[in-house]
Amino acid sequence: MKKLVLSVFTLAALFQSCSSDDDNNTVEEQVVPVEAPDTFVFTRDGNSTVSFSGQTTRIQMGEEFVAALKDPSRPLEELQAMFAHEEGGVDFENTALNASDKSIRSKTAASEDFFKSNTTAGNAIKAEFDAFIEAQYSEVFPNWLFDAEPGLAGRIQEAGGGAVRYVNGKGLEYNQAINKGLIGALMVDQALNNYLGTAVLDAGTNRADNDQDIVLEGKNYTSMEHKWDEAYGYAYGINADPALPNEDLGADSFLNKYIGRVEGDPDFEGIADAIFQAFKLGRAAIVAKNYEVRDEQAAFLREKISEVVAIRAVYYLQQGKINAVDRAGAFHDLSEGYGFIYSLQFTRQPEADAPYFTKTEVDAFLATLTKDNGFWDVTAETLDAMSETIAAKFDFTVAQAASTK
C-alpha cells in the first residue's frame with residue numbers, strides 16, 4: 001500500500017515538455033506541473049467550482065430506499081416509487097428529494113462506457129433490481145413472523161439472541177443484495193465507467209472549453225471540472241465535510257462506508273488516502289490543463305475502487321464460512337457477499353474498457369451460491385474456491401481480505 005500512496009504523490013511533481021524543430025529553431029512547449037491541494041477545494045474568482053448535488057441526492061434517496069426494504073408494512077408501489085422516483089412524487093421523508101427530478105433507477109447500469117451502446121444489458125440489470133424489490137415484497141414480507149427453512153422464506157435469528165435476519169428460501173436477504181448491488185450498479189458504474197471516462201470528460205468541446213476556462217452557462221465551473229466532481233460525489237456526496245472526507249468515512253451505506261472498512265484493515269491501510277489523493281490530483285490536473293496526469297489518476301481510481309469491491313466480496317464469502325455454525329450470521333454475511341459479487345461486473349480494469357469480471361462470470365458465481373437450497377447448503381470449499389478466483393484478479397490474497405473489519 002505504501003507504494004500505491006507514493007505513486008500518487010510522485011505524479012504531483014510531474015513536469016513534461018516537448019519540442020519541435022522548424023528551420024533549426026526549437027520551440028519548447030511546457031505542460032503546467034500539477035500539485036494537489038490539501039483539501040478538495042477548487043475556486044475560480046474566489047468562488048467554489050466544486051458541485052455534485054445530484055450525487056448527494058441519489059445517495060440520500062438510496063439511504064431511505066434501503067431502509068424501507070426492511071419495513072414489511074410498505075406497499076410494493078412505494079418501494080418501486082422510491083427506486084424509480086419521478087419529480088413531485090411523495091416518495092421520501094426528505095421533502096427536498098420529492099421535488100428532485102433525479103432517481104436511483106435512471107442511473108443504475110447507465111454509464112457511457114459500458115451501457116450507452118448496450119441499453120439492452122442496462123435494462124436487463126434494472127429489471128433484476130426490480131425483481132429483487134418485488135421478491136422482497138412478495139416472498140419475504142408475508143413471512144416476516146415465521147421461521148425460515150430451506151426452501152421457505154422467513155426470519156432467522158443470530159446466535160445468542162442477536163439480530164434477526166429476513167431471508168428468502170435460499171437464505172438470501174434481498175435488501176442486502178440490493179444495497180450492496182447498488183454500490184456497483186450505481187456508484188461504481190457512474191464514477192468509473194461514466195464520469196472518469198474520456199468519452200464523458202472530453203465530450204463535445206469539453207477539452208477546448210476547459211483550455212480556455214469557458215464555464216457552463218450560469219455556473220462557475222467548466223463541464224470537465226463538473227464531470228470529475230460528479231465522480232467524486234458518488235464516493236463522498238454526503239460526508240460532513242466533503243473537502244476532507246476521510247475524517248468521517250462511513251457517512252453513507254454505499255461506497256463511502258466500504259472505503260472506510262477496507263482502510264480499517266492493516267493490510268490495506270492507506271487505500272482511503274490514496275483514493276482521495278488521486279481524486280484531488282486528477283481535479284488539479286484539469287485546472288492545470290494537464291490531461292495526461294488527469295487520465296493517470298482516473299486509471300488509478302478505477303484500479304483502487306474496483307479493489308475495494310473485490311476485497312469486500314472475498315471478506316464476506318470468508319465470513320460466511322467462518323460463521324457456518326450461526327446460520328443467521330452466515331446468511332447475513334453471504335447476502336452482503338452476494339451484493340458485492342454482483343457489483344464486480346461494474347468494476348473497471350485501469351487500462352481497458354472492461355470490468356474485472358463479466359456479467360456472465362458474475363452470474364455464474366451467483367448461481368453457484370444459490371444452487372439448490374442456496375446458503376443452507378453452500379460448502380466452505382465452494383466459498384474458498386470462489387474467493388481465490390476473485391482475489392487472483394487483484395493484488396491481494398484471500399487471507400488479507402478475510403481480516404478486514
Side-chain angles (χ1 to χ4, degrees), residues 36-37 39-44 47-66 85 92 94 96-97 100-113 182-197 200-201 203 206 215-216 219-260 272-273 275-287 294 297-298 300-302 304-306 308-309 343 346 348:
T39 62
F40 200 85
V41 173
F42 298 90
T43 62
R44 178 174 284 108
N47 298 311
S48 175
T49 62
V50 176
S51 175
F52 44 78
S53 59
Q55 287 63 46
T56 298
T57 294
R58 286 192 175 87
I59 293 172
Q60 290 172 334
M61 287 178 172
E63 291 292 338
E64 287 202 34
F65 172 54
V66 296
H85 172 72
F92 302 99
N94 182 340
L97 300 181
S100 174
D101 62 354
K102 307 290 189 295
S103 80
I104 302 167
R105 192 180 192 278
S106 65
K107 291 295 185 180
T108 296
S111 64
E112 179 81 11
D113 289 349
L182 283 174
I183 292 175
L186 177 59
M187 284 70 184
V188 172
D189 185 51
Q190 282 293 303
L192 305 190
N193 307 319
N194 197 67
Y195 293 118
L196 295 182
V200 169
L201 289 171
N206 280 4
V215 299
L216 293 172
K219 305 297 182 181
N220 195 43
Y221 46 73
T222 69
S223 177
M224 189 186 295
E225 290 171 338
H226 185 49
K227 298 309 179 187
W228 189 274
D229 294 346
E230 289 184 290
Y232 185 84
Y234 276 114
Y236 308 115
I238 63 172
N239 282 94
D241 181 5
L244 278 172
N246 287 346
E247 299 296 320
D248 67 324
L249 288 175
D252 65 42
S253 302
F254 301 100
L255 181 58
N256 185 275
K257 176 178 180 177
Y258 292 98
I259 292 174
D273 188 58
I275 290 170
F276 179 51
Q277 296 298 333
F279 267 120
K280 287 191 301 171
L281 185 56
R283 181 58 157 81
I286 291 173
V287 175
R294 179 202 71 178
Q297 299 316 297
F300 181 85
L301 288 165
R302 290 178 190 131
K304 302 323 296 176
I305 290 175
S306 295
V308 168
V309 173
S343 287
F346 307 101
R348 180 72 171 270

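On a predicted model such as this, the values are computed, not experimentally measured, just so you know. Note that the numbering runs from 1 along the sequence shown for the chain.
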Is a side-chain N or O of N47 found less than 3.5 angstrom from the main chain of N220, in a donor-acceptor match?
no
Do any N or O atoms from the side chain of E112 and from the backbone of G197 form a donor-acceptor pair under 3.5 angstrom?
no
Can the ring centroids of F40 and F279 be said to lie less than 6.0 angstrom from one another?
no
Heavy-atom closest contact ([X] atom, [Y] atom, distance):
X    : Y    : answer
Q55  : G233 : CB-C, 3.6 Å
D189 : S111 : OD1-OG, 2.9 Å
A284 : A36  : CB-CA, 4.2 Å
S306 : R302 : OG-O, 2.6 Å
A272 : Y236 : O-OH, 4.4 Å

Result of checking L182, I183, N194 against V188 for side-chain contact (heavy atoms from CB on, under 4.5 Å):
I183
Rounding to 0.5 Å, atoms NZ (K102) and CE (M61) come to a distance of 8.5 Å
So do R294 and L201 actually touch side chain to side chain, heavy atoms under 4.5 Å?
yes
Trace of the side-chain contact (heavy atoms from CB on, under 4.5 Å) decision for R283 with T49
CA-CA 11 Å; R283 181 58 157 81; T49 62; 2.9 Å; yes
